[in-house]
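First up is the structure itself, then whatever we jot down about it.
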Amino acid sequence: MKLFFYNTLTRKIEEFRVKTSKIAKLYTCGPTVYHYAHIGNLRTYIFEDLLRRTLQVFGYKVIHVMNITDVGHLESDEDSGDDKIILSALREKKTPLDIARYYENFFLKDCNSLNLLKPTIICRASEHIEEIQYMIHQLIDKNYAYIIDGNVYFDVARFNNYSQLSRAKLHDLSSNSRVDFDHRKKNQKDFVLWFSNSKFQNQIMRWDSPWGRGFPGWHIECSAMATKYLGEYIDIHCGGVDHIPVHHTNEIAQSDACFNHQCVNFWMHGEFLILDKNKMSKSKNNFLTLTNLKEYGFDPAHYRYLCLGTHYRSQMLFNFESLKMAKSTLESLKNRIIDWKSELKNKNADKSIAGKKKEYLNRFYAALSYDLNIPTILSVLWEFVKDGEISVNDKLSLINEFDLILGLGLTEHIKPELSEYLIQLIKKREELRKQKKWNCSDKIRQEIENSGVMLKDTENGTDWYLKY
RNA sequence: GGUGCUGUGCCCGAAUGGUUAGGGGGCGGUCUGCAAAACCGUUUACGUUGGUCCGAUUCCAAUCAGCACCUCCA
């Protein structure tokens, strides 16, 4: 079965093809580690994880590279803003490197708890200064960059089709009044490759270079590292939609100029998560983290499930009501799976109607292959979950298959152990029920339920499940 | 001003030119000592106005409303 994805470059859904047979080279833009990742950031990483899992399920060996930007970045290329890592360091009275490592670590833990597959290679910008400088050299040699006052700028006018990805008009961009004017630039759309003459003269994170002691501009590290680990041809490059107009536009300019050909085949972008009709933004200080959600009693898996319900190219409205729905849905699914497992132990497996299982699988692959339609997959999932013509055995095997993509750890989920105290209480209540002492047994049930365990009385005795 | 997106039932949220999305919630019922879970039923869906068509929520046009990006941000 073929894969089709929406390519930002062409604004069309196209058949996915790779350069090297059966190998998919995937680059995803990673975090700048100056703060905690918020759930909007994480939505994009979840989208990328779904993409990666899809590629794998369709038989590709995926080489997945993600960068960690740990060299401080200015607010903008115009050298007018603040270096975020430095600011964090000042705020927290630590060294910039401490800050970067701390947030990097935290970020990776978040990814882990969301069950995101670990990239094949995670690379830090600070450890690739040599590669970055090498690429800048090449761009200067090829006349795509110029040096003024110790800074190196990319010359946008020299690069054809600069706005291919964003489809913005150059003159409109340059007339944007909100961008500070930089007199050193030939063209206001030119962007920095290397800073040695920045207002941060005392910056700790600086490296020697032929152009002066300084640090790289914001876009070059992705181009340099992507090339180092994936070569001149990259099958898919991902990020958030905000990267389309500037960051990815500049990456294309740098890389394609350097190698004289198109380096990236597919550009895919995850839409934003919207909070109270506003984008979540670190600078506006209105953001929620995974830790916040945990404080409200939600698991990372609940958030992941919530994200699965909205297509990656649609804006997703976040509110706690929806998150609560996601939680109920996921927990009830897990409880069903536990029931199926014990059912399987207790009686002989019944047979499904022939071909039914395959039909569900086909619908699953069809939805997946057409631009990652995960919401449809969820509806297919719920259909077979409630389908009486499918055996429990087949349901479990389908769940397994679906979860390779969904990544919710559905089948790993096992029934937790109860404390001895609660087990005794349940037994005692069963005795009382046999004696039809309803008042006493109901009191005990109340006590058990107060500790978060719900009871169900069946023909085979009392069963229980965790309240959610 | 430029680039793009969206408008679906009580809520979240898909697909689709004609046939049930799915989930959550509410209500009614079955079951139960009572519950719970499960199951069954129910809850007048496609922003507005035109057009194309045998037929439009789905295509086209206009219109209204909302959103994002163009500035560090996923």
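Just so you know, these numbers use all the heavy atoms, side chains as well, and skip hydrogens, waters and symmetry mates. Note that the structure is predicted; figures quoted are calculated from it, not measured. Here is the naming used below: chain letters follow the sequence lines, and residue numbers restart at 1 for every chain.
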Nearest to the [X] side chain among [options], which nucleotide is it?
X: A/His243; options: B/rA15, B/rC67, B/rA74; value: B/rA74
X: A/Ser322; options: B/rA74, B/rG33, B/rC12; value: B/rC12
X: A/Thr376; options: B/rG13, B/rA14, B/rA68; value: B/rA14
X: A/Glu383; options: B/rG22, B/rA14, B/rG13; value: B/rG22
X: A/Thr32; options: B/rU3, B/rG22, B/rA74; value: B/rA74
X: A/Gln315; options: B/rC11, B/rA68, B/rA74; value: B/rA68

note = Result for 5'-nearest mapping on RNA chain B, choosing between A/Ser379 and A/Gly239, is A/Ser379
Centroid separation under 6.0 Å, is that true for the rings of [Y] and [X]?
X: A/His248; Y: A/His269; result: yes
X: A/His128; Y: A/Tyr229; result: yes
X: A/Phe402; Y: A/Phe364; result: yes
X: A/Phe107; Y: A/Tyr45; result: yes
X: A/Phe320; Y: A/Tyr296; result: yes

Measure [atom1]/[X] against [atom2]/[N] and give the value in whole Å, please.
X: A/Phe402; N: B/rG22; atom1: CZ; atom2: C1'; value: 12 Å
X: A/Leu372; N: B/rG13; atom1: CG; atom2: P; value: 18 Å
X: A/Phe318; N: B/rC67; atom1: CZ; atom2: C1'; value: 18 Å
X: A/His237; N: B/rA74; atom1: NE2; atom2: P; value: 13 Å
X: A/Leu406; N: B/rG23; atom1: CG; atom2: P; value: 15 Å
X: A/Phe191; N: B/rU71; atom1: CZ; atom2: P; value: 14 Å

Over 60° means perpendicular and under 30° means parallel, so tell me whether [X] and [Y] are parallel, tilted or perpendicular.
X: A/Tyr27; Y: A/His237; result: tilted
X: A/His219; Y: A/His247; result: tilted
X: A/Phe154; Y: A/Phe191; result: parallel

message = Expected output is a numbered-order residue list: members of residues 298-312 of chain A with a heavy atom under 4.0 Å from any atom of RNA chain B. What is it?
response = A/Gly309, A/Thr310, A/His311
task = Determine, for nucleotides 35-41 of chain B in 5'-to-3' order, which nucleotides have protein heavy atoms under 4.0 Å from the base (write B), from only the sugar-phosphate (write S), or from neither (write -).
result = BBSSS--
task = Measure the distance between the ring centre of A/Trp438 and the centre of the six-membered base ring of B/rG33, then answer whether it is under 5.5 Å with planes under 30°.
result = yes
ask   = Considering residues, nucleotides and ligands other than A/Asn450, do more than 12 of their heavy atoms fall under 6.0 Å from its CG?
value = yes
query = Got more than 12 heavy atoms from elsewhere within 6.0 Å of CZ, A/Phe4?
reply = yes
task = Please state the C1' separation for the pair B/rA45 and B/rU57 - nearest whole angstrom.
result = 9 Å
remark   = Base-paired stretches in RNA chain B with three or more consecutive Watson-Crick or G-U pairs, both distances under 3.5 Å, amount to B:1-7 with B:64-70, B:10-12 with B:22-24, B:25-30 with B:38-43, B:47-51 with B:59-63
Close side-chain approach of A/Arg53 and A/Leu117, heavy atoms under 4.5 Å = yes
request  = Report yes or no: is the cationic atom of A/Lys415 (NZ for Lys, CZ for Arg) closer than 6.0 Å to the six-membered ring centre of A/Trp464, at no more than 45° off its axis?
outcome  = yes
